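It should be emphasised that the depicted structure is a prediction, and the values quoted were computed from it without experimental measurement. Note: hydrogens, waters and symmetry copies are ignored here, and every other heavy atom, side chains too, is used.
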Amino acid sequence: MFQTITDKPAKEKQIDLSFLFSQHAESRLKYIQDIGKATDKVLGFLEERTKPFSGIQPDDLQPSFDKIDLNDEPLPLEEVLDELKHLYLDHAVAFHLPKYIAHLNCPTVIPSLVGEQILSAVNSSLDTWDQSAGGTLIEQKLIQWTADQIGFENGDGVFTSGGTQSNLMAALLMRDSFSYEQLGFDINKNGVPKEKLKIFSSEHSHFSTKKSAAILGLGQDAVISIPTDEDFKMRTDLLESAILQCISQGDFPIGVVATAGTTDYGSIDPIHLIGDIAARYQMWLHVDAAVGGGLLLSDEYKYLLDGIEKADSVTIDYHKTFFQTVSCSAFVVKNPNVLSLISHHADYLNPKDQKANGYPNQVDKSLQTTKRFDALKLWLTLRNMGKSQLGAYYDKTISLTKMAAEMIEAHSSFVLVNPPKLNCLVFRFEKSQHENIDWNTLNKDIRKALFYNGEALVAATKYKGNNYLKFTILNPSMTSADLKEILGLLEGLGLELIKKLEYKLEN
Ligand SMILES: Cc1ncc(COP(=O)(O)O)c(C=O)c1O
């Protein structure tokens with residue numbers, strides 16, 4: 001006999017079901033009206049915003065948030081959206097404007113936004129067939145398509161929240177497959193082995209590889225940084241000698257991460273050569289193509305990814321170079337069987353016999369359980385816009401980057417660090433006729449001043465320990481006039497600041 005918690009039934013609160021998204025006419029009407037109000041606000045954002053950033057700083061914005069008590073009586077949606085305009089929309093960084101060329105944020109294509117509308121309304125969860133049905137098949141078909149573009153005959157994989165999660169999966173599979181196959185040690189059951197396992201990546205690889213090693217109990221020192229050549233590509237001679245040194249110390253080289261499109265320089269490691277080295281030492285090859293993945297779409301530049309088919313796994317960030325909304329990313333493997341290393345079964349969700357009965361479940365291959373149906377956005381984009389147009393968008397951004405590199409090189413106020421490979425350029429304001437200037441502080445301050453004014457947004461990075469500026473060009477609607485204007489703004493700020501005594505160095 002079950003005991004009830006209390007004998008006295010609690011007084012039931014009146015609930016207002018009009019907020020619930022449902023089949024009822026009242027709900028459908030509210031959905032249309034409220035989504036219409038939200039759309040108006042988004043259109044206002046597009047119409048009103050002329051510069052990528054308002055320049056607002058946390059101290060200016062925080063007081064408006066401090067005034068809000070989330071326990072207050074609720075407000076009509078119009079008022080909530082007006083409030084949101086002041087709190088967020090008026091200051092949100094506008095990636096759709098061509099003078100935003102800071103980080104790897106792309107403007108998005110409309111089929112992707114249509115996908116967001118449908119996927120959030122239907123709210124499928126892509127962990128199991130019984131929570132998604134056709135959604136699972138859409139994700140699987142897109143993974144298959146991506147694997148085909150890479151050159152994996154029978155590949156498999158899963159959509160992830162981003163490149164960081166995809167790179168984590170790569171390090172996880174490297175670790176677990178090595179331990180299982182070469183040490184005969186089951187990490188899933190026993191935890192991390194005592195042997196020192198090492199991963200190799202270029203000094204310019206993304207920090208998520210080190211972070212993954214730390215998360216996976218290998219320690220971030222397990223990632224050996226290999227120096228790059230003058231084109232910012234991994235030096236394969238140094239890779240091989242580092243592997244040999246690792247072996248001579250009694251440690252175990254388990255995998256290499258080749259970066260196809262480094263975050264700062266857009267450089268692509270020599271994948272073919274790295275693949276040969278990885279094969280020679282029976283190591284896992286992961287290609288982090290979070291940035292360069294868009295090359296798969298390009299007739300003109302796809303050859304830059306030659307050798308990617310040698311990889312055991314690949315990271316592709318559709319939310320970077322496929323113009324998809326955040327988040328939309330994939331982790332793809334050549335051998336589908338390796339994914340069983342991360343399969344866990346729960347009676348309530350994905351019992352083992354369900355697979356035997358032919359039900360496809362993405363949760364068997366994923367670190368996530370509940371999982372967004374991000375695949376729908378790419379599906380609608382490929383079906384409605386097509387691979388060729390999408391590739392043309394990406395090609396355009398590469399030619400714009402080349403144009404920007406030429407402009408910087410021709411300019412007497414700037415020095416360019418890297419040759420234009422994909423979408424990133426590292427450079428700085430530096431006028432040769434001025435001597436004894438602290439260019440480091442000056443360039444840091446130029447970027448800060450531009451950030452306060454918001455007319456354009458550029459990024460900052462370090463090259464050989466010094467402060468530089470960075471363009472990441474991902475907007476195909478950008479023109480040479482935009483580039484000229486941005487360089488003009490940077491030069492103007494540089495010339496104004498250089499007059500100040502504080503940038504003069506003592507002799
Ligand atoms: C080369 C590279 N890999 C991985 C990542 C991480 O991707 P995400 O931000 O989607 O997690 C980035 C992000 O910039 C990147 O540049």
Side-chain angles (χ1 to χ4, degrees), residues 18-21 30-121 123 161-164 317-320 323-329 370 372-374 376-377 447-460 472 474-475 477-478 482 486 489:
S18 74
F19 285 100
L20 200 65
F21 179 66
K30 185 171 171 56
Y31 176 69
I32 293 168
Q33 288 172 341
D34 288 0
I35 291 292
K37 288 169 196 162
T39 306
D40 286 346
K41 279 284 178 281
V42 173
L43 290 174
F45 172 70
L46 292 181
E47 279 158 23
E48 288 167 25
R49 290 298 291 278
T50 52
K51 51 185 206 171
F53 186 43
S54 68
I56 199 149
Q57 298 303 306
D59 285 350
D60 303 326
L61 202 49
Q62 187 61 48
S64 309
F65 282 84
D66 293 342
K67 277 189 224 139
I68 291 172
D69 183 347
L70 293 172
N71 297 316
D72 273 356
E73 282 300 306
L75 303 168
L77 187 65
E78 291 79 359
E79 282 180 48
V80 176
L81 291 176
D82 283 344
E83 178 187 81
L84 186 74
K85 181 175 177 322
H86 300 304
L87 294 173
Y88 170 64
L89 287 171
D90 286 348
H91 309 292
V93 175
F95 301 149
H96 64 279
L97 291 174
K99 286 199 221 25
Y100 175 83
I101 48 173
H103 300 291
L104 278 155
N105 313 101
C106 56
T108 56
V109 292
I110 291 175
S112 185
L113 294 168
V114 174
E116 287 285 0
Q117 177 84 5
I118 296 173
L119 75 90
S120 59
N123 206 22
S161 60
T164 302
D317 261 4
Y318 309 113
H319 62 211
K320 291 188 172 64
F323 306 97
Q324 298 299 301
T325 61
V326 173
S327 56
C328 199
S329 180
T370 302
R372 278 172 59 87
F373 182 19
D374 289 316
L376 180 62
K377 301 179 289 190
R447 193 213 173 211
K448 212 194 286 170
L450 193 61
F451 189 64
Y452 272 103
N453 122 344
E455 286 294 336
L457 286 192
V458 305
T472 311
L474 278 176
N475 194 327
S477 76
M478 188 186 213
D482 293 316
I486 298 169
L489 282 167

Does any N or O in the side chain of [X] come within less than 3.5 Å of the main-chain N or O of [Y], such that one atom is a donor and the other an acceptor?
{"X": "Ser112", "Y": "Thr108", "answer": "no"}
{"X": "His319", "Y": "Cys328", "answer": "yes"}
{"X": "Lys30", "Y": "Leu20", "answer": "no"}
{"X": "Asp317", "Y": "Gly163", "answer": "yes"}
{"X": "Gln57", "Y": "Gly55", "answer": "yes"}

Only one of His91, Glu83, Lys85 clears side chain to side chain contact (heavy atoms under 4.5 Å, CB included) with Leu87; which? Glu83
Who are the ring pair (Phe, Tyr, Trp, His ring centres under 6.0 Å) partners of Phe21, not counting sequence neighbours? Tyr31
Test of understanding: with ring pair (Phe, Tyr, Trp, His ring centres under 6.0 Å), list the residues that count as partners of Tyr100, not counting sequence neighbours. Phe95
Could Asp90 and Arg49 be called an ion pair, given the rule that one side-chain N must be under 4.0 Å from one carboxylate O? no
Between Glu116 and Lys377, does at least one N-O distance fall below 4.0 Å, as a salt bridge requires? yes
Count the heavy atoms belonging to other residues, nucleotides or ligands that lie under 6.0 Å from CD1 of Ile110, then report whether that count exceeds 12. no
[X] vs [Y] side-chain heavy atoms within contact, under 4.5 Å:
{"X": "Glu455", "Y": "Asn453", "answer": "yes"}
{"X": "Thr472", "Y": "Ile101", "answer": "no"}
{"X": "Met478", "Y": "Ile486", "answer": "yes"}
{"X": "His96", "Y": "Phe45", "answer": "yes"}

Nearest non-hydrogen partners of [X] and [Y], listed with the distance:
{"X": "Ala460", "Y": "Arg447", "value": "CB-CD, 3.5 Å"}
{"X": "Leu119", "Y": "Arg372", "value": "CD1-NH2, 3.8 Å"}
{"X": "Ser161", "Y": "Ser327", "value": "O-CB, 3.2 Å"}
{"X": "Leu81", "Y": "Ala38", "value": "CD1-N, 4.0 Å"}
{"X": "Ala456", "Y": "Leu489", "value": "CB-CD1, 3.9 Å"}
{"X": "Ala102", "Y": "Ala459", "value": "O-CB, 3.5 Å"}

Enter the distance from [X]:[atom1] to [Y]:[atom2] here, rounded to the nearest 0.5 Å.
{"X": "His103", "Y": "Leu457", "atom1": "NE2", "atom2": "CG", "value": "8.5 Å"}
{"X": "Leu450", "Y": "Phe53", "atom1": "CG", "atom2": "CZ", "value": "11.0 Å"}
{"X": "Phe373", "Y": "Asn123", "atom1": "CZ", "atom2": "CG", "value": "12.0 Å"}
{"X": "Asp34", "Y": "Glu78", "atom1": "CG", "atom2": "CD", "value": "7.5 Å"}
{"X": "Ile56", "Y": "Gln62", "atom1": "CD1", "atom2": "CD", "value": "11.0 Å"}
{"X": "Leu474", "Y": "Asn105", "atom1": "CG", "atom2": "CG", "value": "8.0 Å"}

In sequence, state the C-alpha distance, the side-chain angles, and the governing distance for Lys41 and Asp82, and then conclude on side-chain contact (heavy atoms from CB on, under 4.5 Å). CA-CA 8 Å; Lys41 279 284 178 281; Asp82 283 344; 3.0 Å; yes
Contacts of Lys448 meeting side-chain hydrogen bond (donor to acceptor under 3.5 Å, both in side chains) (sequence neighbours excluded), chain-then-number -> none
